[in-house]
Amino acid sequence: MNSIVSAIGWHMVGAASAASFYAPIGKVKKWSWETTWAVAGIFSWVLLPIVVSYFLLPDFRAFYAALDSSVLWKAFLFGSMWGVGNVNYGLTMRYLGMSLGIGIAIGTTLVVGTLLPPFLHGQFLFLFTSNNGLMTLAGILVALVGVGVVTYAGHQKEEQLGLTAAEFDLKKGLMLALMCGFFSSGMSFAIDASKPMEQAALQLGVNPLYAALPSYVIIMGGGALVNFAYCIGRLIMRSELSFRADCSQPMAVNLRNGLLAATGGTMWYLQFFFYAWGAASIPQNLSYVNWMLHMSGYVLFGGLVGLALGEWAHVKRRPIVILWIGMLIIILAANLVGLGMAI
């Protein structure tokens with residue numbers, strides 16, 4: 001039972017990091033979003049996965065050279081799939097607004113990323129034929145309700161503050177949100193596909209808490225390729241954007257912006273660092289709940305971070321009450337999953 005509690009706890013730590021990583025990035029001034037995102041990505045998708053894995057593995061190059069190329073390609077391509085979802089994220093916000101867009105996208109990726117891996121492994125019936133499967137399935141459904149309630153609260157907040165999307169388009173926005181949610185679940189598929197890498201790390205004596213981390217070099221490399229291509233393409237094609245102009249700012253500005261972007265990128269990486277810690281304590285036959293815990297925790301801590309940053313300061317009482325109800329429902333969902341694993 002203690003291992004289950006610690007697993008959920010580490011997932012919540014990772015989710016908290018995911019929910020707050022954009023706070024320092026949002027403080028960057030006089031740089032385009034594309035430059036900021038690319039600099040943060042250098043830390044989150046390239047440097048940190050490589051540096052951490054370099055210190056974990058006895059022989060960094062030999063480890064990846066010994067792996068089956070099909071495992072590497074699956075992890076890389078699913079990571080690229082996540083990258084496509086990440087690019088769609090911004091367009092979803094453009095046409096639906098923050099709260100509605102995030103709610104639909106997160107709800108989609110929670111369902112797809114949680115339920116499709118056990119289906120592909122022939123374990124889907126386990127959800128309906130065992131006590132712990134039914135309990136964890138109930139936790140997933142309750143988490144979706146919680147995500148929906150938090151989303152509704154956020155939408156009410158946006159309406160009160162007049163923050164509805166300037167280009168609101170429900171049909172186009174829904175399509176993009178569903179695409180964003182589906183492609184973003186590629187991270188869940190990539191983690192599932194990279195299990196052979198985790199086993200190879202364990203055979204080399206890597207601590208189980210860290211065994212999944214070497215796979216991030218490949219997974220996040222795929223996501224980085226798509227994100228960097230998008231950012232560089234926009235910097236080249238859009239006349240109002242210029243990487244050179246961004247870098248021509250005074251040294252103090254560039255240093256501050258670089259530190260803020262690096263901090264945000266580090267926090268983004270830490271979400272999956274602690275995801276690995278949480279997953280290490282969850283039984284393999286219940287590994288599908290990892291993604292559900294992470295994504296529902298993301299919504300939970302997103303609400304808490306918003307409250308802490310004063311985003312709800314000028315909102316009437318009713319949406320805030322709804323927000324708290326939604327967050328409590330998500331906490332209930334995590335407890336249901338914990339009970340399901342303990343049965």
Side-chain angles (χ1 to χ4, degrees), residues 14 17-18 21 37-89 109 112-114 116-117 120-121 182-232 265-280 282 284 287-288 290-291 294-295:
S17 186
F21 88 95
W37 194 245
V39 171
I42 290 171
F43 286 86
S44 57
W45 309 321
V46 181
L47 290 180
L48 283 168
I50 290 175
V51 169
V52 169
S53 298
Y54 182 84
F55 283 103
L56 285 174
L57 299 169
D59 190 324
F60 181 83
R61 291 185 180 181
F63 175 79
Y64 297 101
L67 292 168
D68 190 307
S69 60
S70 65
V71 174
L72 296 173
W73 275 111
K74 284 179 182 178
F76 183 83
L77 290 174
F78 280 130
S80 300
M81 176 181 170
W82 161 78
V84 173
N86 196 56
V87 168
N88 269 324
Y89 183 85
T109 195
V112 175
T114 301
L116 197 54
L120 295 175
H121 290 302
F182 176 78
F183 281 101
S184 294
S185 65
M187 183 65 78
S188 173
F189 304 152
I191 292 171
D192 182 65
S194 64
K195 291 297 182 183
M197 276 189 262
E198 184 176 344
Q199 291 301 315
L202 288 170
Q203 291 173 8
L204 291 174
V206 175
N207 187 307
L209 286 176
Y210 305 102
L213 300 182
S215 65
Y216 293 172
V217 173
I218 309 300
I219 296 171
M220 294 178 187
L225 179 66
V226 174
N227 278 270
F228 287 148
Y230 176 75
C231 291
I232 293 170
T266 301
M267 292 170 69
W268 189 96
Y269 172 79
L270 286 176
Q271 69 172 302
F272 287 109
F273 182 94
F274 291 113
Y275 181 103
W277 279 27
I282 288 179
Q284 283 299 306
S287 60
Y288 58 87
N290 288 304
W291 191 249
H294 181 74
M295 297 312 298

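Here the structure is a predicted model, which is why all the values come from computation and not from measurement.
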Closest approach of M197 to A75 (non-hydrogen atoms, all atoms of both residues): CE-CB, 3.7 Å
Closest approach of P49 to V217 (non-hydrogen atoms, all atoms of both residues): O-CG2, 3.3 Å
State, with a plain yes or no, whether a side-chain heavy atom of V71 is found less than 4.5 Å away from one of K74. no
Any side-chain heavy-atom pair of V87 and V226 under 4.5 Å: yes
Check whether any side-chain N or O of Y210 sits under 3.5 Å from a backbone N or O of L56 as a donor-acceptor pair, and report yes or no. no
Nearest-0.5 Å distance, CZ of residue F272 to CE of residue M220: 6.0 Å
Which atom pair, heavy atoms only, marks the closest approach of P117 to S188? CG-OG, 4.0 Å
Closest approach of P58 to L204 (non-hydrogen atoms, all atoms of both residues): CD-CD1, 4.1 Å
State, yes or no, whether a side-chain contact exists between F189 and V112 at a heavy-atom distance under 4.5 Å. yes
Closest contact, heavy atoms only, V39 versus F43: O-CD1, 3.3 Å
For residues F76 and L225, determine if any side-chain heavy atom of one lies less than 4.5 Å from a side-chain heavy atom of the other. yes
For this output row, return yes or no: ring centroids of F273 and W277 closer than 6.0 angstrom. yes
Please check: side-chain N/O of Y230 versus main-chain N/O of V84, any donor-acceptor pairing under 3.5 Å? no
With a 4.5 Å limit on heavy-atom distance, are the side chains of L270 and F21 in contact? no
Expected output: side-chain S17 to main-chain G14 donor-acceptor under 3.5 Å: no
Side-chain heavy atoms of L213 within contact of Y269, under 4.5 Å: yes
Main-chain N/O of I191 paired to S194 side chain as donor or acceptor, under 3.5 Å: yes
For the residue pair Y275 and H294, does the interplanar ring angle fall in the parallel (under 30°), tilted (30 to 60°) or perpendicular (over 60°) class? perpendicular
Side-chain contact test, heavy atoms from C-beta onward, threshold under 4.5 Å: evaluate it for L48 versus Y216 and give yes or no. no
Distance from S287 atom OG to I282 atom CD1, nearest 0.5 Å? 8.5 Å
Looking only at the aromatic ring of each residue, does the gap between the centers of F228 and W45 stay below 6.0 angstrom? yes
At their closest point, which heavy atom of A193 faces which heavy atom of F78, and how far apart are they? CB-CD1, 4.0 Å
Between the side chain of S185 and the main-chain N/O of T109, is any donor-acceptor distance below 3.5 Å? no
Would you check if L57 and P214 make a side-chain contact, meaning some heavy-atom pair closer than 4.5 Å? yes
